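One structure below.
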Amino acid sequence: APVTPPGAIEAASASPENDSLSGSSGCETVYADTDRDRWALVISNQGYTASVGPLANTHLDNQRLGDALQVTGFNVIQCRDIGALETRNALSQFAREIDQQIDVSADPVAFFYYSGHGINLGGRNYMVPVDMPDINETTIETYGVGFDEVLNRIWFPNESTSFAVFDACRNVYGGSKGLQPIVAHASGAGLFQAFATAPGKVAADNGYYSEALSSVLPEAGLRAEIVFNRVQDVVAERTGFTQIPFNNDGIAGEFYFVEP
């Protein structure tokens, strides 16, 4: 069957006036009271077709992280059940906000979080948007949004501090053995990558990772690497070490979500 191009089946955009995060799909922005140099993009997809496989807890992940990030001073763009075109549009908006802060000589912080299906195909990791009709090589390459696309939009080497958190890999396609770390950016200055499970492993749709991260993130006086290491320990112990998060720290110096 022919593949419908991305964007032809777009999720309807929501506005703050008519959308609650537990209701319709789309994106909304919640602004921090003071700061404009901390920006987060939080995406959750769960309303997939039967062929792809709907999920149950990703919008709760979205709400948890959105709340925790707002508490720590982030302006948060929250998106739920969005298609490929909307995903790229949200990434573009996010990148513009960070770039504007660099233009005014700020020291911006970018935080990206994705909860939903993730697939590795041919050594490349993809987020699965909700308008992917089914899972095969053609639809993955047509609809999938590569993790590398995300990093290319949110990471400004030596000009920002960036976090990319992938709470994904809830299915395995074909010969794929789960998600892999993005090694091309492993030593990138100012970039912290976090995965909800170890390379080559699959994470359950249990909300454990978002629950741990949203709980630890607002604690005062914890360096970023300590935050994610604690999350790693909590999730590993809670799952009997069947799900062990993976971190790749490229941040030089000390960064605190909440200062001591």
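If you're wondering where the values come from, they're calculated on a predicted model, not measured in any experiment. Worth knowing before you read on, the calculation uses all heavy atoms, side chains too, and leaves out hydrogens, waters and symmetry mates.
Checked against the 6.0 Å centroid threshold, Phe163 and Phe257 count as a close aromatic pair. Aromatic ring centroids of Phe228 and Phe192 lie under 6.0 Å apart.
Although no hydrogens or angles enter the test, the distance criterion places no donor-acceptor pair under 3.5 Å between the side chain of Ser215 and the main chain of Glu211. Formation of a donor-acceptor pair under 3.5 Å by the Gln243 side chain with backbone atoms of Thr197 is not found in this model. Although no hydrogens or angles enter the test, the distance criterion places a donor-acceptor pair under 3.5 Å between the side chain of Thr49 and the main chain of Pro133.
Partners of Tyr48 by ring pair (Phe, Tyr, Trp, His ring centres under 6.0 Å), not counting sequence neighbours, listed by chain and number: His117. For Arg230, the side chain to side chain contact (heavy atoms under 4.5 Å, CB included) criterion is met by Val216, Glu219, Leu222, Ile226, not counting sequence neighbours. By the salt bridge (charged side-chain N to carboxylate O under 4.0 Å, His left out) test, Glu97 pairs with no residue at all, sequence neighbours left out.
Separation of atoms CG (Leu69) and CG (Leu217) is listed at 5.5 Å; rounding is to 0.5 Å.
Nearest heavy-atom pair across Ala194 and Tyr209 is CB-OH, 3.5 Å.
Checking Asn62 against Gln78 by side-chain atom types alone, a donor-acceptor pair falls below 3.5 Å. With 3.5 Å as the limit, one finds no donor-acceptor pair spanning the side chains of Asn89 and Gln93. Side chains of Ser160 and Ser162: a donor-acceptor N/O pair is present below 3.5 angstrom, by distance only. Of the N and O atoms on the side chains of Ser25 and Asp81, not one donor lies less than 3.5 Å from an acceptor on the other residue.
Relative orientation of the Phe147 and Phe166 rings is parallel, given thresholds of 30° and 60° on the angle between their planes.
The residues Glu149 and Arg124 are annotated as salt-bridged, a charged nitrogen and a carboxylate oxygen being separated by less than 4.0 angstrom.
When Asp61, Asn57, Asp205 are each tested for a side chain to side chain donor-acceptor pair (under 3.5 Å) with Ser115, only one passes: Asp61.
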